[in-house]
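Notes follow the structure.
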2 protein chains.
Amino acid sequence: MDSARPAPQLPLRERKKLRTRQALVDSALVLFTERGFDGVTLDELCDTVEVSKRTFFRTFTSKEDVACAPLHDLWTAFLEELEQARPQGGPLHELLRDVLLGTLDRMPGEEWAHRVLLSRRLAARNPSMDAHGLAFCDRTGRAALDIVVRRFELGGVPDDPDHLRARLAVDLLVAAWHRGLDSWTTGAPAPERAALAAAFRRASAAAPESLALTARTGPA
Amino acid sequence: MDSARPAPQLPLRERKKLRTRQALVDSALVLFTERGFDGVTLDELCDTVEVSKRTFFRTFTSKEDVACAPLHDLWTAFLEELEQARPQGGPLHELLRDVLLGTLDRMPGEEWAHRVLLSRRLAARNPSMDAHGLAFCDRTGRAALDIVVRRFELGGVPDDPDHLRARLAVDLLVAAWHRGLDSWTTGAPAPERAALAAAFRRASAAAPESLALTARTGPA
DNA sequence: AGCCATAGTGCCACTCAGTGGCAGAAGCCA
DNA sequence: TGGCTTCTGCCACTGAGTGGCACTATGGCT
């Protein structure tokens, strides 16, 4: 596999597992892109990678899951970095933004970005993939909130107003991320990772502005 | 059915259809609550309501769909009201909030609220239901943006910065709604519709505050 | 080197969500 | 009443996802 980062010598068993996983993701993205998500059965995918369906389901939770893997990897890494982050006293939403930008920067690079691109284009055409991705982000949001609450804020009283505020800050991060993804996925010009980071930064900056936006009376 | 609002004499066929739909929703919520979402097969549900599975799938798109119907109804009504809304020149996010509050106010009442409660509790325990609800909200968000753009804002250039701001305003609305739902669903005290409205209002008000929230260095 | 204990794999049969097709039963409009 | 349309029921079928069990490879231990 092109992205088989050996990693500091994991046990052989683990490496094999990772290689199978990556092969499944790559093949899935290619096949789904060629013939559509519904146009490919799991049996076909498994045949291609020469793995039994049983094994597939030990690695991924569902057919959607394998195609969402690139984003999955990003958010998992994000949570790890958030766990390490040291706030400098700035606004929480800026901290979250910077942690995500940092995580993005440390992603495998352009092949990863390419996989994300394929994954998003697929999701745009397939409701169940879209739903899966959304649900995953939501779960990650909850996990992120737990970390934020534990490390940066109040002890954990769930009806503390700051708890709600922190949750909304996380929601805003996720929303900005999705808007960044949207414009990056749609706008063909620059499918590089840097362009994605820029799009996200732009969306993130627009969040405070959106509150000031006035509803003008339209012509109708 | 308890909520069979006759409506200004629809054709008999339509009324029958609505009654069947409502029966399916009610039975589904009861059965799923009793025995879990996965503990009830569609065949069982259909037997209970005395409807063929084929008919079920003409009314709902999936097993998840039937259990998410209460929220579905709310957002559909929301879009209709948004289409009629006349902005008074205030911030967009306040307009959106007020339209949603108005829609909520016009919902069938406490039986509806009760169904929402069951639906949310179910979703909290079942990932695929949760995903379905999230995806639906996302699609509604897009539809709402279309209306907003068409009626209140720019002509529709998708890279106008106001377009992005409007989108984020919608995202914020959805996020606040979910937070409101969360606290309402969890907090047992007041399962009435008014309490839900209050929870949403609270979450909505917390949105601007969340931007100001500072990340303090925790004890770790 | 040799040898278990364990984890991962393949295979098989099974359940159940979701779909397509067709025949029959309403509801609808004269 | 009769014909037209639309909805419904039934049946067979695909494909996702699961459970069970036997088999093999890995890693640790002596």
Rounding to a whole Å, what distance do you find between [X]:[atom1] and [N]:[atom2]?
X	N	atom1	atom2	result
B/F60	C/dT19	CZ	P	15 Å
A/R15	C/dG8	CZ	C1'	16 Å
B/L24	D/dC7	CG	P	16 Å
A/R19	C/dT9	CZ	C1'	15 Å
A/F56	C/dC11	CZ	P	17 Å
B/N126	D/dG17	CG	P	13 Å

(request) Salt-bridge test for B/E44 and B/R35: reply yes if a basic N is under 4.0 Å from a carboxylate O, no otherwise. (result) yes
(request) Heavy atoms only: give me the nearest A/S210-B/R165 pair and the separation to one decimal. (result) CB-O, 3.1 Å
(request) Might you point out which heavy atoms bring B/L168 and A/A207 nearest each other, and give the distance in Å? (result) CD1-N, 3.7 Å
Contact list (N/O, under 3.5 angstrom) for nucleotides 18-21 of chain D vs protein:
{"unit_1": "D/dG19", "atom_1": "N7", "unit_2": "A/R54", "atom_2": "NE", "d": "3.1"}
{"unit_1": "D/dG19", "atom_1": "N7", "unit_2": "A/R54", "atom_2": "NH2", "d": "3.0"}
{"unit_1": "D/dG19", "atom_1": "O6", "unit_2": "A/R54", "atom_2": "NE", "d": "3.2"}
{"unit_1": "D/dG20", "atom_1": "O6", "unit_2": "A/R54", "atom_2": "NE", "d": "3.1"}

(message) Is it the case that the side chains of A/S128 and A/N126 hold a donor-acceptor pair, with the cut-off being a distance below 3.5 Å and no angle test?
(response)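 A pair is found: one side chain offers a donor N or O, the other an acceptor, under 3.5 Å apart.
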(request) Assess the side chains of A/T186 and A/S183: does a donor N or O sit below 3.5 Å from an acceptor N or O? (result) no
Counting just side-chain N and O atoms, does [X] come under 4.0 Å of either OP1 or OP2 of [N]?
X	N	result
B/T55	D/dG9	yes
B/K16	C/dA26	no
A/K63	D/dG17	no

(message) Counting C-beta onward and ignoring hydrogens, is there a side-chain heavy-atom pair between B/R115 and B/D26 closer than 4.5 Å?
(response) yes
(request) Side-chain contact test, heavy atoms from C-beta onward, threshold under 4.5 Å: evaluate it for B/R150 versus B/E83 and give yes or no. (result)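 Of all side-chain heavy-atom pairs linking B/E83 with B/R150, at least one is under 4.5 Å.
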(request) Decide if atom CZ of B/R125 counts as having more than 12 heavy atoms of other residues, nucleotides or ligands within a radius under 6.0 Å. (result)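 Result for CZ/B/R125: open.
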(message) Contact list please: residues 28-45 of chain A against DNA chain C, heavy atoms, distance less than 4.0 Å, in numerical order.
(response)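 Heavy-atom cutoff 4.0 Å gives no residues at all.
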(request) Check whether any side-chain N or O of A/R21 sits under 3.5 Å from a backbone N or O of A/K16 as a donor-acceptor pair, and report yes or no. (result)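 No; zero donor-acceptor contacts below 3.5 Å.
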